[in-house]
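These notes concern the structure reproduced below.
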Amino acid sequence: FFSSRRRHTRFRNVTGSSDVCSSDLHITFPNADGYLMTAVYISADGTSNFSSLTLKDSSSQRSLYFVSEAGKTYYIQAATSYYITYSGTFDIALATIGAPSNDDIANATLISSNNTQVNGTLLGATIEDNESSRISASENTVWYKWVANNKLVTTLRLINNFKGVLELFKSSDGSSDFSSLSLVQSSHWTSQVTNPTFEFTANNNDVYFIRVYGYYYNELGTFTLQLSSFVPAVNDAITDAILLSGTSARVEGTLNGATLDVGEPSTASVLTTAYGSATTVTLIKSVWYKDRKSTRLNSSHVSESRMPSS
């Protein structure tokens, strides 16, 4: 077939499929005992010469999804393997999947709450021509926008067992122009494949764009993006250390919402046995206090740490 425009298409069994999409490329079978392999080739010169064909994608299932490019000619191969005899007939149907509304960053879905969940899909999503990307396998991205209304400790995660990549960008001028974006965090190079999550500290009026795409090229289903945030502890930063006055003092404190400052020591040595041996632990959050006596100022802090793995 000849593609007149960039579009997403899918081979799929018309009956008995759990895929949810309004239109796609279908292969249907008259019975359930057949085994059909499918492959899509792109022709370099529009001809059917095998030397001009390059494999675009293939599948041993009854469903295959790929992105077609405008002006290109594709050849679709239906085949059976040598160890299974398939002599039945089948139907093949071609259709287009519509892109989700937040396919482009300019139409990013606005997240208006500091604690919420939003549902999304990658079916029909594309990559914009000028979209800078660390993507290796996926050809599908969708976008969300969030504006912090306070200094907030925020957690982003994908849930519902979705194998995806979660990326956070900060806009320098509040716009969706790619040149204004700087990457804050990405789960792409981490070990988090299913339900990726990360935490960051947002300042008041910071504008963020969140990008979601499948970890694998065929991870094209629905997902849920969860955002949760809270105001950090008042003495989270050393510059906001709480003054302890008098010869003795006792104050209530909390590590809820605490973080580590930029440049703050992130490790500490602690005693772990009765023999006094020490081990190094990684600090993950802290709060600060200061004690002013005569002309000397001493700063101290309380922190939560993570013990090294044994």
Side-chain angles (χ1 to χ4, degrees), residues 3-10 19-25 42 56-57 65-72 74 94-113 116-148 154 156-160 162-188 196 198 200 202 205-227:
S3 179
S4 59
R5 62 188 178 92
R6 178 182 175 88
R7 61 184 176 184
H8 287 255
T9 50
R10 174 186 290 259
D19 290 339
V20 179
C21 51
S22 57
S23 59
D24 48 20
L25 182 62
I42 185 170
K56 175 73 173 178
D57 209 342
Y65 178 96
F66 70 97
V67 181
S68 61
E69 300 176 37
K72 301 295 184 180
Y74 295 85
L94 176 67
T96 302
I97 298 175
S101 60
N102 58 340
D103 184 30
D104 294 344
I105 190 172
N107 299 319
T109 298
L110 179 64
I111 300 176
S112 57
S113 173
T116 189
Q117 293 183 177
V118 292
N119 296 322
T121 181
L122 292 177
L123 286 172
T126 64
I127 294 178
E128 297 177 65
D129 292 337
N130 58 341
E131 182 176 346
S132 59
S133 174
R134 296 166 63 179
I135 296 172
S136 58
S138 178
E139 295 178 311
N140 326 85
T141 67
V142 290
W143 291 89
Y144 297 86
K145 179 181 179 179
W146 178 66
V147 181
T154 305
L156 282 175
R157 61 171 56 91
L158 294 176
I159 58 177
N160 295 345
F162 183 76
K163 296 180 176 65
V165 176
L166 190 59
E167 291 185 330
L168 178 72
F169 298 85
K170 182 179 177 181
S171 174
S172 60
D173 57 9
S175 75
S176 60
D177 191 283
F178 287 120
S179 63
S180 72
L181 302 186
S182 58
L183 181 67
V184 179
Q185 289 200 52
S186 172
S187 67
H188 186 83
F198 52 71
F200 65 99
N205 293 323
D206 280 354
V207 177
Y208 294 96
F209 287 89
I210 303 160
R211 179 166 64 177
V212 178
Y213 58 92
Y215 192 89
Y216 303 107
Y217 75 91
N218 59 349
E219 191 70 32
L220 301 167
T222 58
F223 60 86
T224 300
L225 174 64
Q226 183 181 74
L227 183 148

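For the numbers below, each heavy atom of this structure counts, side chains included, while hydrogens, waters and symmetry mates do not.
- Between Glu131 and Trp143 the shortest side-chain heavy-atom distance falls below 4.5 Å.
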Given side chain to side chain contact (heavy atoms under 4.5 Å, CB included), test Phe223 with Leu166 step by step and report yes or no.
CA-CA 11 Å; Phe223 60 86; Leu166 190 59; over 6 Å; no
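- Between Thr141 atom OG1 and Asp103 atom CG the span is 6.0 Å, to the nearest 0.5 Å.
- Atoms OG and CG, on Ser171 and Asp206 in that order, are 10.0 Å from each other to the nearest 0.5 Å.
- By the 4.5 Å heavy-atom criterion applied to side chains, Leu225 and Leu158 are counted as neighbours.
- Without hydrogens or angle criteria, Asp173 side chain to Ser175 main chain gives a donor-acceptor distance under 3.5 Å.
- Taking the side chain as every heavy atom from C-beta outward, Asn119 and Thr222 never approach each other to under 4.5 Å.
- In this structure, the side chains of Val165 and Ser186 come closer than 4.5 Å at one or more pairs of heavy atoms.
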Step by step, would you call Phe200 with Leu156 a side chain to side chain contact (heavy atoms under 4.5 Å, CB included)?
CA-CA 8 Å; Phe200 65 99; Leu156 282 175; 4.0 Å; yes
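- The shortest heavy-atom contact between Ala106 and Ser176 is CA-OG, 3.8 Å.
- Taking all atoms of both residues into account, the shortest heavy-atom contact from Glu128 to Phe178 is OE2-CZ, 3.7 Å.
- Counting heavy atoms from C-beta outward, Thr154 and Tyr208 have side chains that stay 4.5 Å or more apart.
- Inter-residue side-chain proximity for Tyr144 and Leu227 is flagged as unmet; no heavy-atom pair is nearer than 4.5 Å.
- Aromatic ring pairs are classed by plane angle as parallel below 30°, tilted from 30° to 60° and perpendicular above 60°; the pair His188 and Tyr213 is tilted.
- Looking only at side-chain heavy atoms (C-beta outward), Ile159 and Gln117 come within less than 4.5 Å of each other.
- Considering all non-hydrogen atoms of both residues, Ile111 and Trp146 come closest at O-CD1, 3.4 Å.
- Atoms CG and CZ, from Asp177 and Phe209 in turn, are 10.0 Å apart once rounded to the nearest 0.5 Å.
- In this structure, Val207 and Val147 approach most closely via the heavy-atom pair CG2-CG2, 4.1 Å.
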